[in-house]
Amino acid sequence: MTTPMVEARGVHKHYGSHEVLKGVDLTVVRGEVTCLIGPSGSGKSTLLRCINHLEKHDAGELRVDGELVGYVARDGKLYELNDKQICGERAQIGMVFQRFNLFSHLNVLDNVTIGQVKVKGVNTDEAKTKARQLLERVGLADKEKHYPSQLSGGQQQRVAIARALAMEPKLMLFDEPTSALDPELVGEVLDVMKDLARSGMTMIVVTHEMGFAREVANTVYFLDGGVIEESGDPRVVLTSPTSERLKGFLSKVL
Amino acid sequence: MTTNGDDATKVVPVRHYGQWVASAFMLLFVAMLVHTLFSKVPVPSGAKVCHVVNGVKTCTPELQWRFSWTLVHKYITAPEIMRGLLITLELTAIAMLGGIVIGVIVAIMRLSSNRLLSSTAWTYTWFFRGTPVYVQLFFWFGISALYPSFSIGIPFTHIALVTFSANTVIAPFTSAAIALSLNEGAYMAEIARAGLIAVDEGQSEAASSLGMNRGQTLRYVVLPQAMRVIIPPTGNELISMLKTTSLVSAVGVMDLFGAAQDIAANIYNDIPLLIVASIWYILITTILSIGQFYVERHYAKGALRSQPPTPLARLIGDVRGIVSKMRTRRVPKEVRA
């Protein structure tokens with residue numbers, strides 16, 4: 001059996017005295033789509049941010065592609081990675097944010113090339129060619145000279161996906177990618193994500209879109225109060241939940 | 001109700017009577033000001049000019065400009081003034097460049113998670129904002145009293161590799177440049193800090209998620225966006241610095257104001273030289289303000305959906321608007337209907 005893309009064992013995280021993650025176990029298989037659902041404050045975004053080390057987890061073991069996140073184990077000790085090593089880990093994990101976070105001083109094309117050029121050292125022409133292919137893929141080939149403020153939310157989010165894909169990540173993280181969008185723009189972003197899922201990308205998606213979870217996800221994890229309440233095949237978990245919490249949650253969101 | 005057809009109801013705009021009265025007073029005041037600026041008064045010596053007209057001799061007092069425009073004209077491009085102007089410009093440029101470099105470094109230190117760095121930065125700002133720049137100027141000018149010589153060597157020992165005499169290294173110009181840079185650094189630090197914290201945290205998170213390290217994030221993502229916030233107050237600082245350099249004449253630097261004062265002392269007449277200096281200061285300030293407009297425009301890229309027009313573009317637009325209005329007015333009624 002191959003190593004899973006992401007493996008979490010008893011991951012804890014707290015801010016001050018507030019414990020956000022209280023021992024989370026999770027396994028993400030290569031090439032599969034995993035959805036994290038749950039009420040706000042349940043820790044799903046925090047878990048996602050721990051995976052690419054935007055947040056440091058306090059306890060437990062978190063591995064991406066078999067490697068510990070943020071640490072290296074040597075002689076029975078854990079050594080914290082330095083800035084450069086962490087950047088190297090992050091460059092292989094794409095992330096898409098709820099509020100897009102496109103670089104507002106750069107046009108669409110530059111947003112998609114800057115990571116390739118500055119982090120991976122790809123030459124500018126190659127980076128542009130790749131960026132144009134990706135913009136074509138997300139349906140925004142005609143917008144390359146636009147600035148983010150000149151685009152709709154849905155278009156910005158599609159550029160953000162292209163920006164993340166430009167780094168050729170082995171794993172894509174989506175943090176509520178459609179929560180800040182007007183309802184009629186949600187579809188265009190989900191379509192891009194479905195297309196990406198079909199292409200075999202390993203994806204972890206924090207979402208409130210139950211329809212998407214049911215249709216695309218291989219596994220759904222329901223988080224509540226910092227622990228995983230229930231997980232499994234979305235067709236089973238979302239249609240016949242066993243825990244009271246999930247039943248209550250689904251009755252509110254559906 | 002229509003306002004543009006031929007049978008439109010006539011619209012009577014609100015009459016602002018108060019504004020009319022205020023405008024009348026303002027016009028009167030401006031007229032008085034212009035009149036006094038270009039009025040003539042009898043010369044101080046009391047000399048008279050006499051004419052003989054039809055055998056009758058009439059004498060009138062000899063007149064001169066109240067604001068000595070003749071002398072202003074004579075000294076406005078005097079070589080001493082030109083040399084002074086150059087020194088003023090040099091000092092302004094050096095002090096601002098120094099200030100910006102120090103300011104950005106101090107601001108980054110201030111935002112560091114390392115407490116020692118951030119408190120050092122805080123102390124720097126506290127000290128240099130807390131004492132008058134005039135006092136700091138004299139302090140650096142007199143530094144040789146504290147440190148007669150400088151050496152590069154091993155700290156806390158007397159082993160020195162190179163030694164300089166303070167008086168040769170810290171000439172008046174150097175001391176002025178150091179004093180103004182260090183002082184400006186404290187103000188620029190606050191401006192840069194405001195700019196850096198104005199950039200949304202999501203921007204650095206996105207940069208990190210692409211694998212950029214802290215330096216790259218700062219250089220390619222945060223600083224360019226902070227510039228939009230940093231530029232306008234920096235323009236103010238630059239203009240303010242241009243005028244602050246006039247203080248350096250007190251420590252013997254022959255800047256624009258120093259040169260003007262020097263000439264004034266020689267000809268026993270202050271006012272025309274003050275006017276000469278003022279004209280140069282205001283001219284440079286005007287040029288800097290125009291430059292600021294275009295720099296702000298450049299860094300506003302992406303922050304606004306469309307760029308504001310340049311004054312020239314606006315003027316052309318206004319003229320076109322008026323012309324097209326005049327054209328529509330000339331269109332005959334039959335055609336419009």
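A, B, ... follow the sequence lines: proteins, then strands. Residue 1 opens every chain.
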Quiz item: Does any heavy atom of chain A fall under 4.5 Å from the side chain of B/Asp200, the backbone, both, or neither of them?
Solution: side chain
Quiz item: Which bit of B/Gln216 comes within less than 4.5 Å of chain A, counting heavy atoms only: side chain, backbone, both or neither?
Solution: side chain
Quiz item: Pick from B/Met227, B/Met212, B/Glu205: which one has the most heavy-atom pairs with chain A under 4.5 Å?
Solution: B/Glu205
Could you tell me whether [X] atom [atom1] has more than 12 heavy atoms of other residues or ligands within 6.0 Å of it?
X: B/Glu201; atom1: CD; answer: no
X: A/Glu89; atom1: CD; answer: yes
X: A/Arg137; atom1: CZ; answer: yes
X: A/Lys128; atom1: NZ; answer: no

Using non-hydrogen atoms only, which part of [X] is less than 4.5 Å away from chain B: side chain, backbone, both, or neither?
X: A/Phe103; value: both
X: A/Ile93; value: backbone
X: A/Ile86; value: neither
X: A/Arg49; value: side chain
X: A/Lys84; value: neither

Quiz item: Listed by chain and number, what are the salt bridge (Lys or Arg N to Asp or Glu O under 4.0 Å) partners of B/Glu237, not counting sequence neighbours?
Solution: none
Quiz item: chain B: which of A/Ile114, A/Asn52, A/Val96, A/Asn107 shares the most heavy-atom pairs with it under 4.5 Å?
Solution: A/Ile114
Quiz item: Can you name the residues that form a side-chain contact (heavy atoms from CB on, under 4.5 Å) with A/Glu80, not counting sequence neighbours?
Solution: A/Lys56, A/Tyr71
Exercise. Assign the ring pair A/His57 / A/His53 to parallel, tilted or perpendicular, where the plane angle (0 to 90°) is split at 30° and 60°.
Key: perpendicular
